[in-house]
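Notes to accompany the following structure.
Quantities reported herein were computed from a predicted structural model and do not represent experimental measurements.
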Amino acid sequence: MSHKQFIYCWQKWLLSILVRAVVMICLTAGVLGILGSTAPMSHAQAVFPGSVVANAQLVSTTRRIQDQQTPLKSTTLNATVYHSPDCNCCGGWIAHLKAQGFKITDLPTPDIETVKQKYNVPDNLSSCHTAIVNGYVIEGHVPADDIKRLLQEKPNVAGLSVPQMPVGTPGMEMGNRKDAFSVFSFDRKNSVAVFNKYPSS
């Protein structure tokens with residue numbers, strides 16, 4: 001073997017020794033780092049620490065969003081309707097509620113005034129029928145959408161009323177004619193407020 005060949009072989013051997021030493025130092029440092037950690041680390045965490053942290057942040061954010069979301073609960077629409085047996089428009093209003101998904105308990109009574117007194121319907125808000133819907137008093141031809149809004153918002157009131165019998169309200173249809181009317185809310189102290197307004201047409 002010539003002197004040049006000897007030098008070349010020696011340099012190659014020395015380089016291989018240095019590479020092995022560097023690899024062993026890196027492996028030793030990695031193992032010591034894993035063993036020194038108090039938190040459990042998976043193989044994926046050791047190999048891809050950045051991606052695992054990003055994934056953990058994504059899962060945490062998703063959980064916070066899910067915790068903030070409150071699923072909407074469907075409300076059973078139960079209506080008990082008291083009315084005079086001879087009232088035709090009351091039947092029209094009951095049909096309107098049924099078409100809007102209400103489950104009706106129909107209770108004709110010859111003494112509707114006693115019912116109104118029982119549920120403290122103010123005299124100036126009185127109409128032809130009185131209903132109890134999920135604990136609220138509904139007096140007169142109140143549109144189903146207003147009742148649904150009442151059940152959704154759950155204000156601190158006793159109920160709603162459409163006084164008298166305006167033409168064009170549910171159950172009081174007369175062709176295309178519609179009188180202007182208001183839906184009023186009232187509480188147990190007979191305080192009255194406008195809940196909704198409908199224009200004439």
Side-chain angles (χ1 to χ4, degrees), residues 62-201:
T62 302
R63 286 178 179 172
R64 287 198 301 268
I65 293 174
Q66 289 175 343
D67 290 341
Q68 292 172 357
Q69 291 176 342
T70 303
L72 295 176
K73 296 181 180 180
S74 59
T75 302
T76 303
L77 303 173
N78 295 315
T80 300
V81 184
Y82 301 91
H83 63 94
S84 171
D86 301 325
C87 181
N88 293 326
C89 64
C90 298
W93 184 73
I94 290 173
H96 165 71
L97 291 192
K98 287 181 178 179
Q100 293 294 319
F102 287 77
K103 182 179 179 181
I104 304 297
T105 300
D106 188 2
L107 297 178
T109 174
D111 193 5
I112 189 64
E113 292 303 322
T114 299
V115 175
K116 298 181 188 302
Q117 292 173 9
K118 176 183 177 181
Y119 292 108
N120 298 314
V121 177
D123 291 339
N124 59 333
L125 299 182
S126 180
S127 185
C128 54
H129 55 261
T130 304
I132 306 300
V133 180
N134 292 28
Y136 287 101
V137 180
I138 306 298
E139 179 70 12
H141 295 263
V142 179
D145 285 344
D146 291 308
I147 301 174
K148 291 178 179 179
R149 175 188 155 199
L150 175 75
L151 298 179
Q152 182 179 8
E153 296 179 358
K154 293 182 172 60
N156 186 23
V157 298
L160 300 178
S161 170
V162 172
Q164 303 178 4
M165 293 179 286
V167 173
T169 55
M172 283 294 297
E173 294 86 356
M174 293 185 180
N176 294 326
R177 176 187 165 188
K178 288 186 179 181
D179 294 343
F181 70 95
S182 296
V183 179
F184 296 96
S185 64
F186 60 94
D187 61 19
R188 301 192 185 283
K189 295 181 180 180
N190 290 342
S191 296
V192 178
V194 175
F195 190 79
N196 201 0
K197 285 186 176 183
Y198 292 85
S200 60
S201 62

Worksheet, complete the sentence: Value for CG (Leu151) from OH (Tyr136), rounded to nearest 0.5 Å, stands at 7.0 Å
Fill in: Residues forming a salt bridge (Lys or Arg N to Asp or Glu O under 4.0 Å) with Arg149, sequence neighbours excluded
Glu153
Practice prompt. With rounding to the nearest 0.5 Å, note down the distance linking OH in Tyr82 to OG1 in Thr105.
Written response: 8.5 Å
Response to the item:
Rounded to the nearest 0.5 Å, the OH atom of Tyr119 sits from the OG1 atom of Thr130 at a distance of 9.5 Å
Worksheet item: For the side chain of Ser127 and the backbone of Gln164, is there at least one donor-acceptor N/O pair under 3.5 Å apart?
Response: yes
Fill in: Expected output: side-chain Ser161 to main-chain Leu125 donor-acceptor under 3.5 Å
yes
Discussion item. For a quick test of reading the model, state the closest non-hydrogen atom pair linking Ser182 to Pro163 and the distance between them.
Written reply: O-CD, 4.1 Å
Worksheet item: Rounded to the nearest 0.5 Å, how far apart are OG1 of Thr169 and CH2 of Trp93?
Response: 10.5 Å
Discussion item. Show, in sequence, the C-alpha distance, side-chain angles and deciding distance for Phe186 and Asn120, and conclude whether the side chain to side chain contact (heavy atoms under 4.5 Å, CB included) test is met.
Written reply: CA-CA 10 Å; Phe186 60 94; Asn120 298 314; over 6 Å; no
Discussion item. Strictly distance-based, threshold 3.5 Å: is any side-chain N or O of Lys148 a donor or acceptor partner for the main-chain N or O of Gln100?
Written reply: yes
Practice prompt. Considering non-hydrogen atoms only, spot the tightest contact between Phe102 and Ala79 and give its length.
Written response: CD2-CB, 4.3 Å
Worksheet item: Does the side chain of Ser185 come within less than 4.5 Å of Pro155's, by heavy atoms?
Response: no
Worksheet item: If every non-hydrogen atom of Ser200 is compared with every non-hydrogen atom of Ala180, which pair is closest and at what distance?
Response: CB-N, 3.5 Å
Worksheet entry | Check: His129 side chain, Gly140 main-chain N or O, donor-acceptor pair, under 3.5 Å | yes
Worksheet item: Do Ile147 and Leu97 have side chains that get closer than 4.5 Å, going by heavy atoms?
Response: yes
Worksheet item: CE/Met172 to NE2/His96 distance, rounded to the nearest 0.5 angstrom?
Response: 14.0 Å
Item to complete: To the nearest 0.5 Å, tell me how far Asn124 CG sits from Phe184 CZ.
Response: 8.5 Å
Discussion item. I want to check something: taking the side chain as every heavy atom from C-beta on, are Val183 and Pro143 in contact at a cut-off of under 4.5 Å?
Written reply: yes
Item to complete: Take Ile132 and Val137, measure what side chain to side chain contact (heavy atoms under 4.5 Å, CB included) needs, and give me the verdict at the end.
Response: CA-CA 5 Å; Ile132 306 300; Val137 180; 3.9 Å; yes
Discussion item. If we ignore hydrogens and angles and just use 3.5 Å, is the side chain of Gln152 paired with the main-chain N or O of Leu150 as donor and acceptor?
Written reply: no
Worksheet item: Between the main-chain N or O of Asn78 and the side-chain N or O of Asn134, is there a donor-acceptor pair closer than 3.5 Å?
Response: yes
Practice prompt. If a pair satisfies salt bridge (charged side-chain N to carboxylate O under 4.0 Å, His left out) and one of its residues is in residues 92-120, list it, with sequence neighbours excluded.
Written response: Lys116-Glu139
Worksheet item: Given Asp146 and Tyr198, is the side chain to side chain contact (heavy atoms under 4.5 Å, CB included) satisfied, shown in steps?
Response: CA-CA 11 Å; Asp146 291 308; Tyr198 292 85; 2.6 Å; yes
Worksheet entry | Shortest non-hydrogen contact between Ser126 and Val121, atoms and distance | CA-CG1, 4.4 Å
Fill in: Pairs flagged by salt bridge (charged side-chain N to carboxylate O under 4.0 Å, His left out) wherever residues 189-201 is involved - sequence neighbours left out
none
